[in-house]
Amino acid sequence: MTHATPHWTVDNHFAQLGADFSSPVQPTPLKNPKLIHANAELGARLGLSKADLHSDQWRAILAGNAPLPGGAPVAAIYGGHQFGHWAGQLGDGRAILLGQLRAPDGQSWDLQLKGAGMTPYSRFADGRAVIRSSVREYLAGEALHHLGIPTTRALSLITADDEIHRETFERAAVICRVAPSHVRFGNFEWFYSQNQPAQLRALADYVIHHFYPELTNAPDRYHDWLRQVSARSARLIAHWQAVGFCHGVMNTDNMSILGLTLDYGPYGFMDAFDAAHICNHSDHNGRYAWHQQPGIGHWNCARLVQACSALLSDEPPQQVQRAQAILDHYAEVYSATMRALWLAKFGLRGDGAEDDAATEVMNGFLTLMQQNHADFTLSFRALAQVSCAENSPAPRALSDHFFDSAALGVWLQSYQALLRAEGQDDAVRAQAMNRVNPRIVLRNYLAQQVIEDVEAGNSAALTRLLDALSTPYSDDPALDAFAQVPPPEAARISVSCSS
Ligand code: AMP
Ligand code: MG
């Protein structure tokens, strides 16, 4: 069923997969919902004007207080591996897919409310979200999007008068999450665990038809599709590494089948560089530490490929062999992407004779940052100011982050020598580096300040931070406040899974 109005066209092709894939559910209305922020840029892509987003009708839709005309709200069933262990049935416990909106360019977008009340998959929880987690998800989607990293985004942030019980009572909030699809690795793992191969195949066909249409008629389409999912996941994680982003909860139910960053919980952008940085205070063993993410991505892809192995071949030995090749592809794509991203961050070509020297220089800088607790973002940003001239000193913007100036000096000489060997031009290199090394990232303490403001009923700071995050590479001095290391008192901020 498709519903058309002068403004928008809505259906729910995921719901049409049937009762084995999702359950119909109505959002639970909120008390006195207030639209705190509407994403005008994303709205425009969807064909929704500012006037639409701020209308009473859309506020009610985005709060879950009125139906989306033409939609068919459902919660999806999925399972997943959490912290390395099969967790059984999970599902959309507090997310409700209203339907898909067809944008003016023909692209179909899931509109999913997160925090809209209980679903058949809420298990022991309330189906709600609080302001802090909703603001954090809204901010993170925009931050990654503007860094060019694939992600779900939020169209709106709504708060309400309902009181939600967490460690204390907090006010409810709901975001409208937008992506081409919210299907996860865990959706496939669920059907595998239930020995439902027909449903698994139907879901694969759905995903290929809608989101990998170029593979629809490929003779070996399931293989090609899994290979692409692995490649996209590898590229995604390489991009996280390059900006010091830690997801925090890389469970397989939080892995997007489209290679998007999905389900923002206790994520973090690193301040001081620590390869073993753990952003989630509930992750006691550091399973999801920054330097673990690429390997975890590989492990997660192995769970997906295992779940889908019957699609690869009828013969178990063939399945294993083909699965291995797909996972090897993950490793190749990750290495090649990561190498290219690191080289770009250092402004190096690293080809031919300079290949090993580049590796040494790049590793040397990471080691030095680690030893000096140097700020990841600002240290990389400052590299653009290094002159390749022999014996030219470290720029202040760089040396400020390193207490061991002797070690920095030694490293700098090797970097400068390499730049000269590559015949690099300082100005050209600086320009290119400033397009890949952001100055402004979503630091936890910035998010925390905004959360406190929104909780107090003030959304101006949220708007200012969103604006700053939309120009991560800007040198505009008006944005200097967003490009600072955290103040000492920010050390008390901790994020966990509670949301
Ligand atoms: P997450 O750790 O946010 O990825 O969530 C893991 C699982 O717990 C998913 O099935 C969620 O839908 C569910 N979940 C998390 N928070 C809630 C909540 N407040 N109410 C219902 N289900 C939840
Ligand atoms: Mg999740």
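Both ligands and their constituent atoms are indexed starting at 1 by order of listing. Remember, it's a predicted structure, so these values are computed and weren't measured experimentally.
- Among the atoms of Asp263, an N, O or S atom falls under 2.8 Å from the Mg ion (ligand 2).
- The distance from the Mg ion (ligand 2) to the nearest N/O/S atom of Asn254 is under 2.8 Å.
- Residues passing the side-chain hydrogen bond (donor to acceptor under 3.5 Å, both in side chains) test with Gln324, sequence neighbours excluded: Asp328.
- Taking the six-membered ring wherever Trp is involved, the centroid distance between the rings of Tyr206 and His13 falls below 6.0 Å.
- Ion pairing of Arg464 with Asp453 is absent here, as no side-chain N (NZ or NE/NH1/NH2) approaches a carboxylate O to less than 4.0 Å.
- In this structure, Phe191 has its ring center under 6.0 Å from that of Phe21.
- Glu489 pairs by the side-chain hydrogen bond (donor to acceptor under 3.5 Å, both in side chains) definition with nothing, not counting sequence neighbours.
- The side-chain tip of Arg136 points at the ring of Tyr267 from less than 6.0 angstrom away and within 45° of straight on.
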What are the polar N/O contacts of ligand 1 with the protein below 3.5 Å, with distances?
residue, atom, partner, partner atom, Å
ligand 1, 4 (O), Asn254, OD1, 3.0
ligand 1, 4 (O), Asn254, ND2, 3.4
ligand 1, 4 (O), Asp263, OD2, 3.4
ligand 1, 8 (O), Arg123, NH2, 2.9
ligand 1, 10 (O), Gly91, O, 2.6
ligand 1, 12 (O), Gly91, O, 3.1
ligand 1, 12 (O), Gly93, N, 2.7
ligand 1, 16 (N), Arg94, NE, 3.2
ligand 1, 19 (N), Asp126, OD1, 3.0
ligand 1, 19 (N), Arg128, O, 3.1
ligand 1, 19 (N), Arg166, NH2, 3.4
ligand 1, 20 (N), Gly127, N, 2.7

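- Under the side-chain hydrogen bond (donor to acceptor under 3.5 Å, both in side chains) criterion, Asp263 pairs with Arg177, Arg184, not counting sequence neighbours.
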